[in-house]
Amino acid sequence: MTLSTPQLAARFGWTDQYQVLRASSDQRRAPQRLLARAITGYVEGVLPLQAIATLRGSARKPCWASYAKLA
């Protein structure tokens, strides 16, 4: 008997968490190496923080606090 991931999530009561993780995995993201280089550029003062927010897809709702420790 083969069970799918949604079936297992339903069986163990994780349907809500499964749906959140599935929605998160469906989001397009910038390649990790590009994002790492952009963060390095920000730390070196070459790139504005808005560029990193745009790469992460959070340009509409900037979350500067997560990068405050880099400055």
Side-chain angles (χ1 to χ4, degrees):
M1 179 173 159
T2 304
L3 294 175
S4 67
T5 306
Q7 289 172 330
L8 285 171
R11 175 181 281 184
F12 293 104
W14 303 333
T15 304
D16 292 340
Q17 183 179 6
Y18 170 74
Q19 290 173 347
V20 169
L21 291 172
R22 183 172 178 185
S24 173
S25 70
D26 288 342
Q27 299 266 337
R28 295 192 75 176
R29 290 176 287 232
Q32 289 183 355
R33 290 178 70 189
L34 175 63
L35 189 57
R37 288 183 66 200
I39 291 171
T40 301
Y42 170 72
V43 170
E44 293 175 359
V46 180
L47 202 61
L49 195 53
Q50 182 62 41
I52 296 171
T54 301
L55 283 173
R56 292 194 67 198
S58 59
R60 290 186 182 154
K61 291 181 171 178
C63 181
W64 310 129
S66 60
Y67 296 106
K69 63 183 177 184
L70 297 175

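Only this structure's heavy atoms are used, side chains among them; waters, hydrogens and symmetry mates stay out.
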**Student:** Hey, any chance Leu8 and Val20 share a hydrophobic cluster, counting ILVMFWY side chains that come within less than 4.5 Å of each other, even indirectly?
**Tutor:** no

**Student:** I need the full list of side-chain hydrogen bond (donor to acceptor under 3.5 Å, both in side chains) pairs touching residues 4-19, with sequence neighbours left out, sorted by first then second residue.
**Tutor:** Ser4-Gln7

**Student:** Hydrophobic clustering (ILVMFWY, side-chain heavy atoms < 4.5 Å, transitive) - are Val46 and Leu49 grouped together?
**Tutor:** no

**Student:** Applying a strict under-4.5 Å side-chain criterion to I, L, V, M, F, W and Y, I'd like to know whether Leu34 and Ile39 cluster together.
**Tutor:** yes

**Student:** Atom CZ of Arg29 and atom CG of Leu35: how far apart are they, to the nearest 0.5 Å?
**Tutor:** 11.0 Å

**Student:** Is the backbone N or O of Gln50 less than 3.5 Å from a side-chain atom of Thr54, with the two atoms forming a donor-acceptor pair by type?
**Tutor:** yes

**Student:** List the residues meeting side chain to side chain contact (heavy atoms under 4.5 Å, CB included) with Ala30, not counting sequence neighbours, and say none if there are none.
**Tutor:** Leu55

**Student:** Can you sort out the partners of Gln27 under side chain to side chain donor-acceptor pair (under 3.5 Å), two or more places apart, ordered by chain and number?
**Tutor:** none

